[in-house]
Amino acid sequence: MNESFSTDRDRFSGRFAVIAAAAGSAIGLGNIWRFPYVTGENGGGAFLIIYLFIVFAIGIPVMTSEFVIGRAGQKNPYGSFKNLAPGKPWYLIGLMGVVAAFMILAFYTTVSGWTLEYVYQTLTGNLQGKSDAELTGMFDVFLKGSFRPVLWFLIFMGFTAFIILSGVKNGIERYTKFLMPLLIVLLIALSIRSVTLEGSKAGLQFLFNPDFSKITPKVILEALGQAFFSLSIGMGTLITYGSYIQKNENLGSSALFVCVADTAVAVIAGIAIFPAVFALGGSPASGTGLVFIVLPVIFQKMPFGQLFELLFFILLAVAALTSTISVLEVIVAYLVEELKMTRRKATIAATLMVSVLGIITVLSMGSLSKFLVFGKNIFGLLEYLTSNIMLPIGGFFIVLFIGWFFSPARTKAELTNDGKLKAGYFPVFLFIVKFVAPVAIAMVFLYSLGIFKF
Ligand code: TRP
């Protein structure tokens, strides 16, 4: 056994557990809340095509590279880069990941709190019999009243911290294994109801009939940001999880599976939302509230709607939880391994810091909404900076590291488990991480800044 691969580190117990944990990280609000609203704001079908292209050309290679770095480096993102490139500045990418983790948690947990509010509102029956205008009003009033969103945020942060305290295997694994498949079944049921609503055809057309005149530099950057966000890549989440993966797991096929599953869930969420939006005569570009307003309308039109609605928002909260824990784990692993804190202390310290930023973020949707930076409130700013800028920059350097710095022999050893597996895709993978992915990320970036034109 490799010396750096000590046996006392917490590990995922096996094949299904790894995939479930990584899929649990990837599948979350990014697919069900963010994908529909960003797709809606960016014109639908053409956005979807660019998105799919980015997932396959850039997403899968970045995810695979993160797994390789984590399992070879055996630490948090900062420590893994230090291990694999001693004396070189690559660890800065890991550090940026830790900073991004704070920022993502602040707004992501805010939205996670909304899911709890909707669990509560379903239980009290308040969503029943409401028109979509009334539901829109409810959503706005909820956001503006500062107390409840802050409370739900703190409760959600508490759940996240609780699971992180119990450690990777006991905490993360146990919850992801069976709840994810259940969520997918529910989403499929919702999509069926949505496409059978009268007037829903226009929604399917919106999603699947690309109108290429809608493609602008902004649309492409949004697709890149959404792909990174949804796949949980570019921040070192999957470097951290990679470090918990056992030496006999197949990294390449795990990455492929997670990317396909994540994308499938996003598309199914799109099929659940857009047909209903058009059937109701709403606008697909109505922003962050989209699913919280549209889905309660569909539930009212389903048999046992209230029961399904309750189950749905609970499962959505769980899907969010398996994502928030994967982000908090990055900070905690960093504090434990680099600053030598106990897991307990690290979790408490990280949770307190995130909570301060998070409360400001929650309030930026309400009482602090007049406070704008670059025309965005704090929530929008954090979302934009992390998804569209920090994650792609992280991803750019991650593929550059594997493509140009790390030795291909070592990468191949990780991907084949020292020759025990076949990895026929290896030359293609290497070509993509050397050339295709970094060039594509750089082009999208420069293009969207107006520095580069096709
Ligand atoms: N991918 C998750 C989602 O779609 C969110 C998430 C978890 C994430 N870990 C991340 C996003 C790391 C960016 C980076 O809901």
Side-chain angles (χ1 to χ4, degrees), residues 20-39 51 54-55 58-59 62-63 65-67 70 76-77 93-94 96-115 156 160 163-164 172 176 179-180 183-184 187 223-242 255 258-270 288 291 315-334 350 354 382-396 398:
S25 170
I27 298 172
L29 297 171
N31 310 62
I32 296 162
W33 158 70
R34 199 172 190 273
F35 175 81
Y37 107 71
V38 173
T39 305
Y51 178 80
I54 290 174
V55 167
I58 302 176
V62 174
M63 189 180 287
S65 301
E66 285 204 28
F67 281 158
N76 65 83
I93 302 303
M96 182 175 76
V98 176
V99 174
F102 278 101
M103 300 166 66
I104 290 177
L105 269 178
F107 76 85
Y108 196 92
T109 313
T110 301
V111 182
S112 308
W114 302 351
T115 64
F156 207 93
T160 308
I163 295 185
I164 287 298
I172 299 175
T176 45
L179 291 168
M180 287 296 109
L183 177 69
I184 295 174
L187 266 180
L224 182 77
Q226 174 57 24
F228 273 75
F229 187 85
S230 187
L231 298 173
S232 297
I233 54 179
M235 198 203 85
T237 297
L238 298 176
I239 294 181
T240 310
Y241 274 17
V258 173
C259 288
V260 170
D262 184 77
T263 306
V265 173
V267 172
I268 298 171
T288 48
V291 299
L315 289 175
L316 187 56
V318 173
L321 191 60
T322 56
S323 301
T324 51
I325 55 185
S326 76
V327 184
L328 186 59
E329 178 65 20
V330 173
I331 306 177
V332 170
Y334 170 80
V354 172
L382 291 175
E383 197 188 349
Y384 186 88
L385 280 179
T386 51
S387 313
N388 293 358
I389 304 203
M390 294 167 87
L391 300 180
I393 290 180
F396 177 77
I398 285 166

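Numbering starts at 1 and runs along the sequence shown. As the structure lists them, so they are numbered: ligands from 1, and atoms in each ligand from 1.
Between Tyr241 and Glu329, the closest side-chain pair of non-hydrogen atoms falls below 4.5 Å. Residues Tyr334 and Thr240 have side chains not in contact (no heavy-atom distance under 4.5 Å, counting atoms from C-beta outward). Within the 4.5 Å cutoff, the side chain of Leu105 has heavy atoms near those of the Ile331 side chain. Contact check for Ser112 versus Leu29: side-chain heavy atoms found under the 4.5 Å cut-off. Using a 4.5 Å heavy-atom cutoff, the side chains of Val318 and Leu183 are not in contact.
Protein heavy atom at the shortest distance from atom 2 (C) of ligand 1 is Ser25 O, 3.1 Å. Scanning the protein heavy atoms around atom 11 (C) of ligand 1, the nearest turns out to be Phe229 O, 3.2 Å. Counting only heavy atoms of the protein, atom 15 (O) of ligand 1 lies nearest to Tyr108 OH, 2.4 Å. With hydrogens left out, the protein atom closest to atom 3 (C) of ligand 1 is Ala26 O, 3.1 Å, a heavy atom.
Exactly one residue among Val62, Ile233, Leu224 makes a side chain to side chain contact (heavy atoms under 4.5 Å, CB included) with Pro392. That residue is Leu224.
Of the polar atoms of Gly30, at least one N or O is found under 3.5 Å from an N or O of ligand 1, judged by distance alone. No N or O atom of Ile27 sits closer than 3.5 Å to an N or O atom of ligand 1.
Each of the following atoms of ligand 1 lies closer than 4.0 Å to a heavy atom of Thr237: 9 (N), 10 (C), 12 (C). Those atoms of ligand 1 with a heavy atom of Val327 less than 4.0 angstrom away are 7 (C), 9 (N), 10 (C). Atoms of ligand 1 found under 4.0 Å from any heavy atom of Met235, numbered from 1 in the order shown, are 12 (C), 14 (C). Close approach to Ser230 involves these atoms of ligand 1, each under 4.0 Å from a residue heavy atom: 1 (N), 4 (O). Ligand 1 places these atoms under 4.0 Å from at least one heavy atom of Ile104: 13 (C), 14 (C). Residue Ser326 approaches ligand 1 through these ligand atoms, each under 4.0 Å from one of its heavy atoms: 7 (C), 9 (N).
Counting heavy atoms under 4.0 Å from ligand 1, residue Leu391 touches it through the side chain alone.
Taking the six-membered ring where the residue is Trp, Trp33 and Phe107 present tilted rings, their angle falling between 30° and 60°.
Ligand 1 lies nowhere less than 4.0 angstrom from a heavy atom belonging to Trp33.
What you find for Gln226 and Gly30 is that their closest heavy atoms are NE2-O, 3.0 Å. Summarising the geometry of Gly394 relative to Ile93, their closest heavy-atom pair is O-CG2, 4.2 Å, with the distance given to 0.1 Å.
If you check each of Ser232, Ala266, Ala319, Ala22 against atom 7 (C) of ligand 1, the one with the closest non-hydrogen atom is Ser232.
Defined by atom type and a distance below 3.5 Å, a donor-acceptor pair is present between the side-chain atoms of Ser25 and Ser232.
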